[in-house]
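Position 1 is the first residue of the sequence, and the numbers go up from there.
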Amino acid sequence: MFKRIQLPLQTMNLIVGFMIWVLISSLLPFIKEDIAIPESQLALVTAIPVVLGSVLRVPLGFYANQIGARKIFLLSFILLLFPVYYISIANSLMDLLVGGLFLGIGGAVFSVGVTSLPKYYPKERHGFVNGIYGAGNLGTALSTFAAPMVATKFGWSTTVQLYLVLLAVFIVANFFLGDKKEPKIKTTLSEQIKGVYKNEKLWLVCLFYFITFGSFVAFTVYLPNFLVSNFGLEKVDAGMRTAGFIVFATIMRPIGGWLADRFHSLILLMFVFGVYTVSAMILSFAPSLGWYTFGCLTIAFCAGVGNGVIFKLVPLYFQKQAGIANGIVSMMGGLGGFFPPILLSLLFNITGHYAIGFMALSEVALASLILVVWMYYQEKMALTREELDRAVKGSNFKFRNHNNMKNA
């Protein structure tokens, strides 16, 4: 019974973790009415939870193999009680930065499920299973959609405190329903790192996830305030549009994993980064709200599909070091969400527009497309060499047998 419910339970855990991870960015239009935040610091406030949420993914992915997902989720949710309450009583910028940093624990739990869940399913279903789990990104949509609506009626402080109740429910759920007998993999951290850090595929996959998941996080934390300040939208309207971006990207993630189970992952990534290049270029021309919406939705599509495909590749390339590889790749994806909002704000302060920032995303996506094509042809060449080696060995074997028969 416990094995069957791990996928829905851990997916719900991720939803809750991500709801908390974007708590500040979801409510920032309300918070800044009570707390004076300089315009130059707005991006830092929204991006700061991404820091710890990224770095912690490496140890959480490793220890998910060592002690099991149940204990990691339990400890993470207990620890989150403290920063959530601290933010609910915040009255200064420093309070938001300190509390926001530790909200990162909510984003860090991502590496727990992608390490734990493949143990319960055959290899040919790993893409779809990790895609379903990754749909826990929906938590960011729930917060950006629901939190502003609740805050309109009850205030942002009370809204934050409601998350304490949600955490308490899932602490109880994981205590009773988490799998106590999950298979453990007992290898030291240094052994796992030695097994992956020299592998060029790890760093290429990190780059790809840096872009796909990073852009998802960056748009999630930046859009609510950006739509209000740049297009003059109402706060609830901006929250609903951001939620639409998140939902679309989230729906595409399991579809991306499902496609990766059936088609070549690198060919799918070629398509993803090709569309990314064009979409980011559209955004760089500072279009109208309609064209901006189109550009954002195509990026949501690419981010979702790309995220699903990449976490098919990780267990495929790193079967024995899945915990540490998942942690490193997901950490890089999280960090990919930290830098863009800050870079966009910095470029806006210097140039007065966001064109250079979006064009940089387009160029990085184009470079990734070239690297994916290179990986694809490297793999084809490796397969061709293996087939030639087998053919040569087979010919030599037949030649030796023929000579032996003649000598006999």
Side-chain angles (χ1 to χ4, degrees), residues 2 5-26 48-88 98-119 130 133-140 142-143 160-180 182 184-185 189 213 217 220 311 322-324 326-331 333-335 337-338:
F2 285 103
I5 64 174
Q6 292 315 298
L7 179 56
L9 175 63
Q10 293 191 31
T11 301
M12 290 297 295
N13 286 340
L14 186 62
I15 289 174
V16 173
F18 272 42
M19 286 179 70
I20 291 166
W21 198 24
V22 299
L23 188 54
I24 291 179
S25 62
S26 301
I48 200 69
V50 179
V51 177
L52 197 62
S54 303
V55 175
L56 274 183
R57 289 181 173 194
V58 176
L60 290 194
F62 171 74
Y63 283 110
N65 261 339
Q66 296 281 307
I67 63 176
R70 174 179 176 270
K71 290 181 179 178
I72 299 295
F73 278 121
L74 267 174
L75 180 61
S76 298
F77 289 161
I78 290 170
L79 290 175
L80 277 170
L81 292 169
F82 300 98
V84 171
Y85 177 73
Y86 184 69
I87 287 171
S88 74
V98 172
L101 176 65
F102 290 99
L103 287 186
I105 298 170
V109 298
F110 173 80
S111 62
V112 179
V114 292
T115 301
S116 169
L117 289 171
K119 299 173 185 176
N130 277 338
Y133 173 73
N137 292 346
L138 186 64
T140 55
L142 290 175
S143 272
V160 173
Q161 290 178 3
L162 291 175
Y163 283 75
L164 297 172
V165 179
L166 188 63
L167 280 171
V169 169
F170 275 84
I171 288 170
V172 173
N174 280 279
F175 182 82
F176 287 106
L177 300 177
D179 185 7
K180 298 177 183 178
E182 176 185 333
K184 313 296 193 302
I185 299 176
L189 183 60
F213 187 74
V217 174
T220 296
F311 273 93
I324 195 69
N326 280 320
I328 293 172
V329 172
S330 56
M331 175 189 72
L335 289 175
F338 173 73

Whether Lys119 and Glu182 form a salt bridge (side-chain N of Lys/Arg under 4.0 Å from carboxylate O of Asp/Glu) is what I want to check. yes
Can you check whether Ser111 reaches Val58 side chain to side chain, under 4.5 Å on heavy atoms? no
CG/Leu74 to CG/Leu79 distance, rounded to the nearest 0.5 angstrom? 11.0 Å
Heavy-atom closest contact (Val109 atom, Tyr133 atom, distance): O-OH, 3.1 Å
Rounded at 0.5 Å granularity, tell me how far CE in Met12 sits from CG in Leu138. 9.0 Å
Could you state the interatomic distance from CZ (Phe175) to NZ (Lys180), rounded to the nearest 0.5 Å? 6.0 Å
Please check this pair: side chain of Ser76 against backbone of Ile72, looking for a donor-acceptor N/O pair closer than 3.5 Å. yes
Apply side-chain contact (heavy atoms from CB on, under 4.5 Å) to Val16 and Asn13, showing your working. CA-CA 5 Å; Val16 173; Asn13 286 340; 5.9 Å; no
Look up atom OG1 in Thr11 and atom CD1 in Ile5, then write down how far apart they are to the nearest 0.5 Å. 12.0 Å
Donor-acceptor pair, side chain of Asn137 and main chain of Gly134, under 3.5 angstrom: yes
For the backbone of Gly100 and the side chain of Tyr86, can you confirm whether one donor and one acceptor N or O come within less than 3.5 Å of each other? no
Has the side chain of Trp21 got a donor or acceptor atom that lies under 3.5 Å from a matching backbone atom of Thr140? no
Between atom CG of Asn130 and atom CZ of Phe110, what is the distance when rounded to the nearest 0.5 Å? 7.0 Å
Might you point out which heavy atoms bring Pro49 and Leu103 nearest each other, and give the distance in Å? CB-CB, 4.4 Å
What is the distance from atom CD1 of Ile171 to atom CG of Leu81, rounded to the nearest 0.5 Å? 4.5 Å
Asn174 and side-chain contact (heavy atoms from CB on, under 4.5 Å): which single residue from Leu75, Leu9, Asp179 fits? Leu9
Aromatic plane relationship, Phe170 with Phe77 - under 30° parallel, 30 to 60° tilted, over 60° perpendicular: perpendicular
Give the minimum heavy-atom separation between Ile105 and Leu80, together with the two atoms involved. CB-CD2, 3.8 Å
For the side chain of Arg57 and the backbone of Val329, is there at least one donor-acceptor N/O pair under 3.5 Å apart? no
Heavy-atom pair of closest approach, residues Ala69 and Val112: CB-CG1, 3.6 Å
To check you understand the geometry: which heavy-atom pair defines the closest contact between Ser54 and Leu335, and what is its length? OG-N, 3.0 Å
Between Ser143 and Tyr163, does a side-chain hydrogen bond (donor to acceptor under 3.5 Å, both in side chains) hold up when you go through it step by step? CA-CA 10 Å; Ser143 272; Tyr163 283 75; 2.7 Å; yes
Residue pair Gln6 / Ser116, side-chain donor-acceptor N/O under 3.5 Å: no
Quick one: closest heavy-atom pair of Met19 and Leu142, and the distance? SD-CD1, 4.1 Å
